[in-house]
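Not measured: the values here are computed from a predicted model.
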Amino acid sequence: MAHPIGPRLYSCCNCRNHVGLHDDIISKAFQGRTGRAFLFSHAMNIVVGAKEDRHLLTGLHTVADISCADCNEPLGWKYERAYETSQKYKEGKFIFEKAKIVKED
């Protein structure tokens with residue numbers, strides 16, 4: 001029996017709301033608050049919180065926490081601004097904590 005072909009999705013660990021596409025993963029080698037994290041170029045069905053400056057492993061960044069639009073589960077953050085030239089590629093991108101998302105088959 002053939003399986004339907006479609007985009008591979010990542011969902012909120014709490015309510016299974018779709019929050020990201022596998023094809024939008026830029027890197028799986030990031031560090032989040034709870035361990036490993038993924039850098040995504042896009043996100044969906046999320047709420048972006050207030051911007052704040054935060055000192056992260058790679059320097060000072062302006063970030064905004066992101067949460068699931070359905071259940072409000074904290075999922076990670078959005079990079080709004082990077083102050084160091086080498087980190088500018090992160091601007092406008094999203095960090096999802098690996099522990100907070102589920103890969104859908």
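- Within 6.0 Å of NZ in Lys51 there are 12 or fewer heavy atoms belonging to other residues, nucleotides or ligands.
- Under the 6.0 Å cut-off for aromatic ring centres, Phe96 and Tyr10 do not qualify, their centroids lying 6.0 Å or more apart.
- Contact annotation: the side chain of Tyr83 approaches that of Thr62 to within less than 4.5 Å [non-hydrogen atoms, C-beta and beyond].
- Inter-residue side-chain proximity for Arg36 and Lys28 is flagged as met; some heavy-atom pair is nearer than 4.5 Å.
- Of the residues Glu104, Arg16, Lys103, the one that meets the side-chain hydrogen bond (donor to acceptor under 3.5 Å, both in side chains) test with Ser11 is Glu104.
- In this structure, Leu75 CG and Cys68 SG are separated by 6.0 Å, a value rounded to the nearest 0.5 Å.
- Other cluster members for Phe30: Ile26, Leu39, Leu56, Val63, Trp77, Tyr79, Tyr89, Ile95, joined by side-chain heavy-atom distances under 4.5 Å among Ile, Leu, Val, Met, Phe, Trp and Tyr.
- Remark: His42 NE2 is loosely packed, at most 12 non-hydrogen atoms of other residues, nucleotides or ligands lying under 6.0 Å away.
- Looking at Arg33 and Glu97, their side chains come closer than 4.5 Å, going by heavy atoms from C-beta outward.
- Taking a cutoff of 4.0 Å between a charged side-chain nitrogen and a carboxylate oxygen, Lys100 and Glu73 qualify as a salt bridge.
- Salt bridge Asp65/Arg54: present, at least one basic N to carboxylate O contact under 4.0 Å.
- Under a hydrophobic clustering in which Ile, Leu, Val, Met, Phe, Trp and Tyr are joined whenever their side-chain heavy atoms come within less than 4.5 Å, directly or via other members, Val48 and Phe38 fall into the same cluster.
- Note that the CG atom of Asn72 and the OG atom of Ser67 stand 4.0 Å from one another [nearest 0.5 Å].
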Stepwise side chain to side chain donor-acceptor pair (under 3.5 Å) check, Thr58 with Lys90:
CA-CA 11 Å; Thr58 54; Lys90 296 176 184 175; 2.8 Å; yes

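- Atoms CZ and CD1, from Arg8 and Ile25 in turn, are 8.0 Å apart once rounded to the nearest 0.5 Å.
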